[in-house]
Structures are given as C-alpha cells and as structure tokens.
2 protein chains.
Amino acid sequence: MTKSPGAADAPERMPTIRDIADRAGVATSTVSRALSNPQRVNARTRERIEKIAAELHYVPSSQARGLSSGRTGAIAVLVPDVTNPFYFDIIRGTQNQLKAAGYTQLLVDTEEATDVELDALRKLRRTADGIILAASRLTDVQLAEAARLQPLVTINRATADAPTVLIDTPGAMVQALEHLASLGHRTVTYVGGPTSSWSTHRRWKAIEEAAARRGMDAVRVGPYSPKTSSGAAAADAALGTGASAVIAFNDLIAIGMLQRFRERGVRVPEDVSIVGCDNIFGADFCNPPLTTIASPIEQAGRTAVSMLLAQLDPLRTASARRLAVMPTHLEVRSSTGAAPAAERHAG
Amino acid sequence: MTKSPGAADAPERMPTIRDIADRAGVATSTVSRALSNPQRVNARTRERIEKIAAELHYVPSSQARGLSSGRTGAIAVLVPDVTNPFYFDIIRGTQNQLKAAGYTQLLVDTEEATDVELDALRKLRRTADGIILAASRLTDVQLAEAARLQPLVTINRATADAPTVLIDTPGAMVQALEHLASLGHRTVTYVGGPTSSWSTHRRWKAIEEAAARRGMDAVRVGPYSPKTSSGAAAADAALGTGASAVIAFNDLIAIGMLQRFRERGVRVPEDVSIVGCDNIFGADFCNPPLTTIASPIEQAGRTAVSMLLAQLDPLRTASARRLAVMPTHLEVRSSTGAAPAAERHAG
DNA sequence: AACATTGCGGCAAGCGATTGCCAAAATTTG
DNA sequence: CAAATTTTGGCAATCGCTTGCCGCAATGTT
C-alpha cells in the first residue's frame with residue numbers, strides 16, 4: 001500500500017474531461033463536444049455525459065480551454081481609478097452584464113497613467129477576449145493601434161476605431177448653463193479635470209459655446225485631479241474668478257469645493273452656485289445636496305458589454321452598433337440658487 | 001508568393017517562447033527558465049534572451065503557463081456587493097497589493113447570496129490561485145470545506161480554518177457606547193444588518209454586553225439590508241423604540257436614516273444621536289457629518305493579500321500569520337450630541 | 001592528474017481542453 | 001435493397017509553456 005485509502009484529504013485533483021470520458025466510456029473529444037457544442041452529439045450520450053459531469057462537479061479548465069480555443073472567457077475593464085465612485089457605477093454595470101453572459105471580469109486600475117494603460121492593454125491581449133476602456137487616456141493613434149489588435153469598446157472617449165459608449169454630458173452642460181442663466185447668473189467658471197481627460201475638453205468646449213451664444217462669460221480654471229481633496233484649491237481659484245456660479249468637472253471636485261466654501265464662510269447657493277457632474281453616490285446627501293448632471297452610468301457599463309460581446313460574436317459583429325449615447329439630464333438640487341444682487345447688476 | 005509581404009495587418013500572431021528560442025538559438029526550455037527562473041540560467045544567455053523578448057514585445061501566455069504549472073497568476077476577490085462603498089475600499093486595497101505582486105485581480109460579486117458564493121468558489125478553484133473572501137455568508141462547515149480545497153483568506157469572518165483579517169468593530173462599539181453614555185444617553189438601539197452577516201451578530205453582542213456593564217438599555221431592530229434605502233424603515237423602527245441614540249450596522253443605513261429623520265422633522269443630534277460604522281466615502285460630508293467607526297479598510301485589503309500570498313509561498317507558508325486585527329476608532333462628528341432632557345431624567 | 005561537483009542547456013513528456021479529419025453507424029433516398 | 005447522405009464518435013495533433021531528467025563542460029577537490 002502506497003497510501004492509506006480514504007486519507008485522500010490532500011488538495012484533491014479536480015476531475016478532468018478525461019475522468020468523465022472514462023466513466024462514460026467515450027472519448028474525450030466526445031465529452032468536449034457534449035459540453036461545449038451540444039448539437040454536435042447525440043442527445044442521449046450528451047445527457048449521460050452531462051449527468052456524470054454534474055456528479056463529478058466537473059468544472060472546465062478555462063486555461064486549457066483558452067489555450068486550445070483561443071478564447072479566454074474573460075473581459076477586462078480598465079478604469080483610471082477604482083477609487084472614483086463614478087467608475088463604481090460602471091463597474092457594477094459591466095459586472096452584471098458580464099456575469100449574465102458567462103464571462104469573468106478582470107478589473108484593472110490604470111492609475112490615470114497612459115503608460116500603465118498601454119502596458120495593461122498589451123498584457124491583456126493574451127488574457128482577455130476583449131477590453132472595456134473607460135475614460136481612456138490614450139492618444140488617437142495609440143487607441144487606434146490598440147483597437148486593431150484586440151476587440152475593444154471605449155466609454156467616454158470617442159474614436160472612429162472602436163465602438164463607443166458616450167455619456168452626453170456636454171449636452172447637459174447646456175442645460176446647466178440655461179439653469180444658471182435663468183437664476184440670473186452672468187458669468188460661470190468651469191473647474192477643469194485632468195488635461196489628459198478627453199471629457200474635460202469636450203465639456204469646456206460645450207460650455208464655452210453655449211455661454212457665447214447666450215452672452216454669458218465663461219472662464220476656466222484648473223486642471224484639477226478628480227478627487228474631493230482637489231476641491232479646496234478649486235474653490236479658492238473659483239472664488240478668484242469672481243464668478244457667481246461654477247460648474248465642476250465632476251461631483252468629487254464639487255463636493256470638495258462645498259466643504260472648502262463652508263470653511264471660508266462662503267454660502268452655497270446664496271453666494272455662489274455650484275453644479276457637479278455624474279451624480280455619484282453622495283451627491284444627493286452632501287450639504288447642500290448637489291445640483292448635478294445625471295445619467296444612467298450603470299447602464300453605460302452594461303451597454304458597453306453588449307457592444308463588446310456583439311463584436312466578439314462573428315454572427316452579430318456586422319450588425320453591431322458602433323456608438324451609443326447615454327442621455328443625461330440636469331438634476332437640480334440645492335447647490336444652485338439665484339445669483340447674488342451684485343452679479344445681477346453687473347450683467 | 002502566397003501572401004504579399006508587409007500586408008500582415010491581420011490579427012498578428014503573438015510571439016511565443018518559441019520565436020524567442022529560434023532567434024536566440026536555444027531551446028524553448030532555456031527561454032522559459034531565463035524568463036521565469038532567472039538564476040537557473042547563465043547570466044549572459046539570460047540577457048540575450050531578455051533582450052530578444054523585449055524586442056518582440058513578448059508577453060507570456062498566462063493560459064499556457066497556468067496549464068503546465070498549475071498556477072494562474074490570478075487572485076479572486078469575492079464581495080457581497082460591489083455597490084457598497086465599504087467594499088470599494090477593500091477592492092482598492094487588494095487591487096494595489098495584487099498589482100504590486102504581479103497578480104491579476106478577479107472581481108466577483110456574490111450578491112449577498114450563499115449559493116452564488118459557493119458556485120463562484122467552485123468555479124474559481126480552477127481559475128484562481130487563491131481567494132479573498134470578504135464578509136462571507138458561508139456557514140462554518142462550508143467555509144472549512146472551501147478552505148480545505150483552496151488557499152483562502154477571509155475578511156470580517158473569523159474561522160479557524162483559514163487566515164483572517166478582522167476589523168475590530170466590536171471593540172469600537174464599546175467606544176461608541178461610552179461616547180453616547182458620556183453624552184447622557186441611557187438607552188441605545190442597534191439597527192441590525194443582514195441575518196447572514198457574521199459581523200452584525202458580533203456587533204450586537206458587543207453592544208449588548210457593554211451596555212449591560214454600564215447599566216444602559218440596548219435594544220435591537222432589524223434586520224435591514226445594508227443600503228441607504230433601508231434607512232427609512234430603520235429610522236421609523238428606531239423611533240419606535242424610544243431610544244435617544246442609535247448605532248447602525250453601517251454608514252449606508254445610517255445615512256439613509258439621516259435623510260428619513262430630516263423628512264420626519266426629527267433633528268439630529270438634538271432629538272436623536274446616530275453613529276454609523278465603516279466611515280465610508282460620504283460619511284464626512286453628509287448632513288450632519290456622521291459620527292462613525294473608522295478603520296483602515298483599504299489596509300485590510302492589502303493585509304489580506306499579503307496573508308494570502310504568504311500562504312501561497314511554500315517558504316513562507318509556515319511562518320504566515322493566521323490572524324490580523326485592524327484597529328478601529330470612533331470618529332466623532334456631528335451626528336451625535338447630548339441626550340434630550342427627557343432621556344436624562346428617565347435615566 | 002584523476003575524480004567529484006556544480007552550472008548550464010536540451011529533450012521530451014505533460015497540463016486539459018479543442019478541433020480537423022476520418023470512419024463506422026444510422027438514416028434517407030432512388 | 002443498394003447507394004447516397006447525414007450523424008455520431010474516435011484519433012491525434014495542437015495550443016504555449018513548465019519541469020523532471022539527463023549529459024556535457026567547466027570548475028573545484030585531493
């Protein structure tokens with residue numbers, strides 16, 4: 001006896017396709033087909049095989065499967081910062097949809113850095129069947145190259161080279177401006193996000209144009225890192241512009257500004273109005289609750305997954321949508337109010 | 001000519017260990033060793049190989065590597081709800097540490113459901129080298145079985161069968177109680193979390209005991225789902241108990257309660273004091289800012305990774321820590337205050 | 001100088017699936 | 001009932017890498 005029977009308490013070997021084949025008295029290829037290509041095999045043998053597989057608690061090795069088939073069953077989701085609540089919503093959306101489709105989600109934080117992003121992308125060519133790239137920091141050329149090498153969908157980063165899910169925040173910026181104008185504001189300052197962010201430029205452009213159209217003044221400050229901690233500097237800078245209203249790149253900055261304004265005794269919205277962007281967790285219960293630009297972010301994540309999956313499926317790839325634009329709207333809460341008298345006279 | 005040269009714009013085949021071997025004029029085994037077992041090969045040949053690998057932008061196939069070596073290079077992190085900000089901090093911590101160690105993070109949402117958790121665990125035996133199980137809903141037996149089958153570390157769920165990272169919230173509950181007592185509160189109600197949560201029982205027990213010791217009354221309401229939306233019901237129930245102070249299972253519920261209290265015209269902290277738990281994003285800027293139990297959650301994630309990695313490493317596995325307790329402290333903000341007069345007299 | 005070590009690299013057998021090709025069996029067709 | 005098809009299942013080659021084993025060469029030991 002080399003081993004006492006029953007003492008098999010060691011890291012039990014997992015059953016393989018072969019164990020099933022032996023028990024069923026068929027070849028491994030038949031088992032493989034029965035399990036992943038059901039119509040290729042007789043219904044009765046398939047059932048028998050499935051039964052045995054279930055008894056054995058068989059779980060296919062995605063490794064082996066991936067090696068021979070080329071598919072990995074995993075989709076990577078790249079976000080600039082896992083810390084940012086905005087991406088949480090995206091992650092939640094992708095997670096849901098991916099799980100439903102039987103895919104595994106690989107979560108990668110690119111640290112808002114282009115090189116980390118490129119590096120991850122390169123490594124993932126092997127590991128993932130496709131990529132969802134949120135708020136990419138890549139240049140157009142880099143993005144095109146990446147899209148050429150692997151199936152990819154971008155979120156909030158338009159490109160002709162890959163399907164894209166856009167959140168129409170620029171459109172909502174116009175709403176925000178109108179909202180502020182109707183409250184009597186004549187000048188607005190935009191608190192910009194990271195220079196590498198495609199969105200911040202889009203938003204500023206939208207604001208600039210809309211402001212020009214309605215004869216308002218718009219100035220920009222920044223860039224600021226999208227964190228609440230940037231809010232203090234942003235608030236001080238905004239105050240420096242003398243504007244009575246500010247639109248922030250995102251809610252994180254806006255919430256940070258709220259706190260700074262309080263410290264400095266600046267009342268919101270009496271002295272200054274502020275609108276954020278993204279309607280993140282917390283925007284509704286901060287003090288005062290933040291007027292912000294809301295959109296179905298989680299759905300953006302889900303949509304991105306659908307588009308990617310369509311791209312992966314040779315049958316649907318042709319008919320796949322290349323662009324989805326998520327609607328946005330201005331969620332008016334208490335951080336915006338009538339412009340102070342001084343501002344109105346100046347106008 | 002079967003193919004026009006240079007027209008290789010198709011999904012380029014990725015270089016393999018073999019391409020490198022050919023160029024370097026060595027066997028694939030040498031390349032393999034040079035790349036993943038450097039001291040096993042001569043420095044000069046190693047350098048040569050590394051150089052060629054770099055030129056080719058070689059990326060090893062984790063699939064193939066995993067298949068032959070048994071290791072996958074991935075660690076799965078299971079959380080009950082990716083939506084919950086508390087887990088965000090954990091995820092951030094694990095993500096950091098895993099990336100630093102060269103591992104890939106697989107994020108899985110178990111939807112607070114035991115069967116989903118078990119199912120994921122089973123599938124992951126093949127896919128991941130180890131598991132980090134946050135706030136597991138498993139029974140002791142299930143957990144023991146899981147730990148037997150694969151390397152695993154739990155967070156906030158003690159068990160003798162696997163290394164554990166505990167956040168000492170019960171300890172902080174005592175602090176919270178003392179804090180409330182010193183403010184004149186005589187009775188406190190605990191708003192419980194999900195029945196399947198191990199933490200909620202631990203916390204209640206700690207409160208019960210501490211309250212008994214200092215002659216306070218403690219009652220429990222619940223269970224409630226850990227979401228802000230549960231706050232309304234929780235707030236109403238808490239009001240029903242007549243207690244002047246409440247300790248909530250977590251900040252999510254506490255923040256939801258804050259909103260409900262405002263709706264009902266109950267002032268915080270004048271009429272009722274409330275303390276949360278976890279110090280999540282938002283606890284500092286809600287209205288009023290929440291007194292809560294804080295701890296280095298992100299570090300808990302990092303520690304869990306370290307413990308798991310130690311377990312994976314045969315050299316360190318013996319010396320590995322089996323238990324880490326993260327310190328906690330009461331972060332006093334504005335949601336707690338002196339007990340209303342009625343309460344003080346009653347005491 | 002003869003022998004024992006050690007260092008370095010190659011050979012080849014897997015790891016667990018998938019899949020192209022082929023042949024036997026079952027079914028349809030003329 | 002034979003020929004033509006279609007089903008069904010097996011064989012065996014891969015996928016890209018790791019690793020045990022072996023042997024040669026270089027170094028170290030008396």
Side-chain angles (χ1 to χ4, degrees), chain A residues 11-50 52-53 56-74 102 123-129 314, chain B residues 11-50 52-53 56-74 102 123-129 314:
Chain A
E12 284 164 36
R13 192 178 64 79
M14 297 210 64
T16 74
I17 208 176
R18 182 154 180 174
D19 299 318
I20 301 179
D22 288 350
R23 290 217 196 189
V26 299
T28 59
S29 49
T30 305
V31 177
S32 173
R33 293 197 185 97
L35 262 26
S36 50
N37 203 354
Q39 80 286 12
R40 180 66 177 66
V41 96
N42 185 290
R44 272 232 291 291
T45 50
R46 172 164 52 76
E47 276 164 25
R48 189 155 46 93
I49 289 174
E50 279 170 348
I52 296 179
L56 258 39
H57 294 299
Y58 169 75
V59 179
S61 155
S62 49
Q63 311 255 44
R65 174 174 287 179
L67 189 53
S68 51
S69 71
R71 286 165 265 109
T72 68
K123 300 226 172 96
L124 287 167
R125 265 190 72 193
R126 266 283 174 43
T127 319
D129 290 344
Chain B
E12 286 164 36
R13 191 180 62 80
M14 297 210 64
T16 75
I17 208 177
R18 186 158 176 171
D19 298 317
I20 301 180
D22 288 349
R23 289 218 197 190
V26 298
T28 59
S29 49
T30 305
V31 176
S32 173
R33 292 198 185 96
L35 262 26
S36 50
N37 203 354
Q39 80 287 14
R40 181 64 177 67
V41 98
N42 184 290
R44 272 232 291 291
T45 49
R46 172 164 54 76
E47 276 163 25
R48 190 154 46 93
I49 289 173
E50 280 171 347
I52 297 180
L56 259 39
H57 294 299
Y58 170 74
V59 179
S61 154
S62 50
Q63 311 254 47
R65 175 174 287 180
L67 190 52
S68 53
S69 71
R71 287 167 262 108
T72 68
K123 300 226 172 95
L124 287 167
R125 265 190 72 193
R126 266 282 173 46
T127 320
D129 291 344

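So that the names make sense, note that chain A is the first sequence line, chain B the second, and so on, each numbered from 1. Side-chain atoms are counted along with the backbone in the values below, which use heavy atoms only and exclude waters and symmetry mates.
- Proximity of B:Thr45 to the phosphate of C:dG9: a side-chain N or O atom is located under 4.0 Å from OP1 or OP2.
- Taking atom CD1 of residue A:Ile49 and atom C1' of nucleotide C:dA17, one finds them 14 Å apart after rounding to whole Å.
- As rounded to whole Å, 12 Å separates atom C1' of C:dG7 from atom CD of B:Gln39.
- Within the 3.5 Å criterion, the main-chain N or O of B:Thr16 finds a donor-acceptor partner in the side chain of B:Asp19.
- The phosphate of C:dT19 has OP1 or OP2 within less than 4.0 Å of a side-chain N or O from A:Arg71.
- In this structure, CD1 of A:Ile20 is placed 15 Å from P of D:dG9, rounded to the nearest angstrom.
- A distance of 10.0 Å separates CE in B:Met14 from NE2 in B:His57, rounded to the nearest 0.5 Å.
- For B:Leu56 and D:dG16, the CG to C1' distance is 15 Å, given to the nearest whole Å.
- Judged by atom type and distance alone, B:Ser29 reaches the base of C:dC11 through a side-chain donor-acceptor pair under 3.5 Å.
- One finds no side-chain N or O of B:Ser36 lying less than 4.0 angstrom from the OP1 or OP2 phosphate oxygen of D:dC17.
- Of all heavy-atom pairs between A:Thr127 and A:Ala74, the closest is O-CB, 4.0 Å.
- Between the side chain of B:Arg33 and the base of C:dG10, at least one donor-acceptor pair of N or O atoms lies under 3.5 Å.
- Computed from coordinates, the B:Arg18 CZ to C:dG9 P distance equals 19 Å when rounded to whole Å.
- Whole-Å rounding puts the B:Arg46 CZ to C:dG9 C1' distance at 15 Å.
- Contact annotation for A:Ser32: base contact, defined as any heavy-atom pair under 4.0 Å involving a base atom.
- Here CG of B:Asn42 is found 9.0 Å from CD of B:Glu47. Values are rounded to the nearest 0.5 Å.
- Counting distance only, with no hydrogens placed and no angle test, the side-chain atoms of A:Arg40 and the base atoms of D:dG9 include a donor-acceptor pair under 3.5 Å.
- OP1 or OP2 of C:dC8 sits under 4.0 Å from a side-chain N or O of B:Asn42.
- In this structure, B:Ala27 reaches the sugar-phosphate backbone alone: every heavy-atom distance under 4.0 Å involves primed, P, OP1 or OP2 atoms, never a base.
- With distances taken from any side-chain atom of B:Thr30 to the nucleotides D:dT18, C:dG10, D:dT8, the minimum falls on C:dG10.
- Counting non-hydrogen atoms of other residues, nucleotides and ligands closer than 6.0 Å to CZ of A:Arg126 gives a total above 12.
- With hydrogens and angles ignored, no donor-acceptor pair under 3.5 angstrom links the side chain of B:Ser61 to the base of D:dC15.
- Computed from coordinates, the B:Gln63 CD to C:dT18 P distance equals 12 Å when rounded to whole Å.
- Counting distance only, with no hydrogens placed and no angle test, the side-chain atoms of B:Arg65 and the base atoms of C:dG16 include no donor-acceptor pair under 3.5 Å.
- Comparing B:Ser69 and B:Val31, the nucleotide of DNA chain C nearest to each residue sits closer to the 5' end for B:Val31.
- One finds the CD atom of B:Gln63 at 7.5 Å from the OG atom of A:Ser69 (value rounded to the nearest 0.5 Å).
- A donor-acceptor pair is defined here as one N or O able to donate and one able to accept, closer than 3.5 Å; no such pair exists between the side chain of A:Ser32 and the backbone of A:Thr28.
- The side chain of B:Leu67 lies closest to C:dG16, out of D:dC11, C:dT18, C:dG16.
- When the C1' atoms of four end pairs are superposed on the next four at each end of the helix from C:dA1-D:dT30 to C:dG30-D:dC1, using five pairs per end, the two resulting axes differ in direction by 30°, to 10°.
- The distance from the CD1 atom of A:Ile52 to the CG atom of A:Asp22 is 10.0 Å, given to the nearest 0.5 Å.
- Atom-to-atom, CE of A:Met14 to C1' of C:dC15 comes out at 14 Å; the value is rounded to the nearest Å.
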